[in-house]
Protein chains: 2
Amino acid sequence: MNNQTQIVDALRKRGNKVTPQRLITIEVLLTMGQQHFSVEELFHGVKQRNPEVGMSTIYRTVQILEEMRLITKRNFDDGFARYELCEMDEKHWHHHLICLKCGRVIEMQDEYLEALEKEIEKKGFIIINHELKVYGYCSDCYANMEGEKFD
Amino acid sequence: MNNQTQIVDALRKRGNKVTPQRLITIEVLLTMGQQHFSVEELFHGVKQRNPEVGMSTIYRTVQILEEMRLITKRNFDDGFARYELCEMDEKHWHHHLICLKCGRVIEMQDEYLEALEKEIEKKGFIIINHELKVYGYCSDCYANMEGEKFD
DNA sequence: CTCGTTGCAAACAGTTTGCAATCCG
DNA sequence: CGGATTGCAAACTGTTTGCAACGAG
């Protein structure tokens, strides 16, 4: 699932052209795996393989990939938009535990949201996606917080 | 709870000065109620009472209010940071249902997350806050989507 | 009086866009 | 070939900052 050939085919099907810049971008993208990458980081990776590529090309490609639902935008309040590869299995979303101290983002699978989803859909809202961010302190940071706990 | 006098006292306690600009800002803020206001909107409200006030003052005041945990930053991907008054009752958070079509943000109380929270804390993560956004289509928009459902 | 605060304008950073040259199909 | 795409630079937009004047305590 989600290999380069498939993405290339999908691009063509959409009427988009497959340029070397896009090919490299897709390659680097797949390297990123589950990480939450910024456009800048993606750009950096692409530049290593071809320094000629311009920033705006990456921005435009990312936009296309987002429309294709291959990546999703995430926001971790660090100043720039971050993206991650979409999960193929639509019903297995994951959540993000964000440490307020060190900034680490821990991913977490979960099934506990299903009851809540049923409740929401009962009210006539059609769920397409959801995003749960839990802010707090990871165990490492909490252990090192002597006296200064909770401010 | 959360009236102007209390906020003013808290400001002084922090060592901040209580200027007329800040007083107006707090007044307008309390008028906003539960809405998700942007700095621009707050600025607009303040300007009505005193057109002399500068934008940067509002930005700086908002920063202070955020540090005081009187307001929280929210992100609804509409281009600017939004804020809402903090809930006093820490254990009654609400979620946001965001309509992808009309952009409406519906608030929703919920208790279904408690099981999930227990699960998270069992792993040693200390929860301070959380934020659940559910993207989809509100019943109105879904009703008007003939043929074009899901893209 | 003193230091925090203000308003302004300029700086910033991430992102978008206009355009001529280029390239995919 | 023709229209999509590229790289560049310039434009944009929300937000931050430097600074002299001001004002709360």
Side-chain angles (χ1 to χ4, degrees), chain A residues 4-5 7-28 36-68 71-83, chain B residues 4-5 7-28 36-68 71-83:
Chain A
Q4 202 180 358
T5 335
I7 299 179
V8 165
D9 288 349
L11 261 179
R12 289 220 177 81
K13 202 160 295 175
R14 267 175 50 102
N16 284 117
K17 291 185 174 170
V18 179
T19 65
Q21 291 93 329
R22 288 189 179 157
L23 268 177
I24 298 178
T25 307
I26 293 167
E27 271 175 42
V28 176
H36 311 110
F37 58 89
S38 64
V39 178
E40 190 97 28
E41 284 160 7
L42 184 54
F43 177 51
H44 179 255
V46 172
K47 260 202 152 168
Q48 291 189 317
R49 309 209 191 185
N50 182 353
E52 308 286 294
V53 180
M55 187 81 183
S56 45
T57 303
I58 309 295
Y59 270 104
R60 290 189 266 236
T61 304
V62 161
Q63 224 160 286
I64 292 173
L65 295 171
E66 202 185 355
E67 282 169 22
M68 293 168 72
I71 58 180
T72 341
K73 196 187 280 188
R74 297 284 180 205
N75 187 303
F76 298 117
D77 289 314
D78 63 347
F80 19 58
R82 295 194 162 275
Y83 296 85
Chain B
Q4 203 179 355
T5 335
I7 299 178
V8 165
D9 289 348
L11 261 180
R12 288 219 178 82
K13 202 159 294 173
R14 268 175 50 103
N16 284 116
K17 291 184 175 169
V18 179
T19 64
Q21 291 92 330
R22 287 189 180 157
L23 268 177
I24 300 178
T25 307
I26 292 167
E27 271 175 43
V28 175
H36 312 107
F37 58 89
S38 64
V39 178
E40 189 98 28
E41 283 159 9
L42 185 54
F43 177 52
H44 179 255
V46 173
K47 261 204 152 169
Q48 290 190 318
R49 309 209 191 185
N50 181 354
E52 308 287 293
V53 182
M55 187 82 183
S56 44
T57 303
I58 308 297
Y59 269 104
R60 290 189 265 234
T61 304
V62 161
Q63 225 161 283
I64 292 175
L65 295 171
E66 202 185 355
E67 281 168 21
M68 293 168 71
I71 57 179
T72 341
K73 197 187 279 187
R74 298 283 181 204
N75 187 304
F76 298 118
D77 289 314
D78 63 347
F80 17 57
R82 296 193 162 275
Y83 295 85

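Chain A is the first sequence line, chain B the second, and so forth, proteins listed ahead of strands; every chain is numbered from 1. Note: hydrogens, waters and symmetry copies are ignored here, and every other heavy atom, side chains too, is used.
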Separation of atom CD1 in B:I58 from atom P in D:dT16, rounded to whole Å: 13 Å
Set of residues satisfying salt bridge (Lys or Arg N to Asp or Glu O under 4.0 Å) with respect to A:E52, sequence neighbours excluded: none
Members of residues 13-22 of chain B that approach DNA chain C, where some heavy atom sits under 4.0 Å away: B:N16, B:K17, B:T19, B:Q21, B:R22
Non-hydrogen atoms of B:G54 and B:F43 that approach each other most closely: C-CE1, 3.7 Å
All side-chain contact (heavy atoms from CB on, under 4.5 Å) counterparts of B:L23, not counting sequence neighbours: B:Q4, B:V8, B:V18
Side-chain heavy-atom pair B:V39, B:M55 within 4.5 angstrom cut-off: yes
Nearest-Å distance for atom pair CG/P, residues A:D9 and C:dC24: 18 Å
Within the sub-3.5 Å range, which N or O atoms of nucleotides 11-13 of chain D have a protein N or O partner, and how far apart are they?
none

Rounded distance (Å) that lies between atom P of C:dG14 and atom CE of A:M55: 8 Å
Of the listed nucleotides D:dT15, C:dT15, D:dT6, the one nearest the side chain of A:A81: C:dT15
For atom CG of A:L23 and atom C1' of D:dT6, their distance in whole Å: 15 Å
Stretch residues 44-53 of chain A: residues that reach within less than 4.0 Å of DNA chain C through a heavy atom: none
By side-chain hydrogen bond (donor to acceptor under 3.5 Å, both in side chains) - contacts of A:E27 (at least two apart): A:R49
B:R74 CZ to D:dG14 P, straight-line distance once rounded to whole Å: 21 Å
Gap between atoms OH and C1', on B:Y83 and D:dG14 respectively (whole Å): 11 Å
Nearest-0.5 Å distance, CG of residue B:L65 to CG of residue B:L42: 8.5 Å
Length of the CG-P vector between B:L11 and C:dG4, whole Å: 15 Å
Considering all heavy atoms, the nearest B:N16-B:R14 contact: OD1-NE, 2.8 Å
Nearest non-hydrogen partners of B:D77 and B:N75, listed with the distance: N-OD1, 2.8 Å
4.5 Å side-chain heavy-atom contact, B:I64 and B:L11: yes
Reported OG-to-NE2 distance for the pair B:S38 and B:H44, which is rounded to 0.5 angstrom: 11.0 Å
Gap between atoms CD and C1', on B:E66 and D:dT15 respectively (whole Å): 13 Å
Nearest heavy atoms of B:V46 and B:I24, plus distance in Å: CG1-CG2, 3.8 Å
Can you check nucleotides 17-20 of chain D for protein contacts, nitrogen or oxygen pairs under 3.5 Å, and list what you find?
none

By side-chain hydrogen bond (donor to acceptor under 3.5 Å, both in side chains) - contacts of A:R74 (at least two apart): A:E84
Side-chain donor/acceptor of A:R22 to backbone N/O of A:T61, under 3.5 Å: no
Sequence-distant partners of A:D78, side-chain hydrogen bond (donor to acceptor under 3.5 Å, both in side chains), two or more places apart: A:R82
First of B:V39 and A:I64 reached from the 5' end of DNA chain D, by closest nucleotide: A:I64
Any residue meeting salt bridge (Lys or Arg N to Asp or Glu O under 4.0 Å) with B:E40, in chain and number order, not counting sequence neighbours: none
A:R12: partners by side-chain hydrogen bond (donor to acceptor under 3.5 Å, both in side chains), with sequence neighbours left out: none
Estimated bend of the helix from C:dC1-D:dG25 to C:dG25-D:dC1 (axis per five terminal pairs, rounded to 10 degrees): 40°
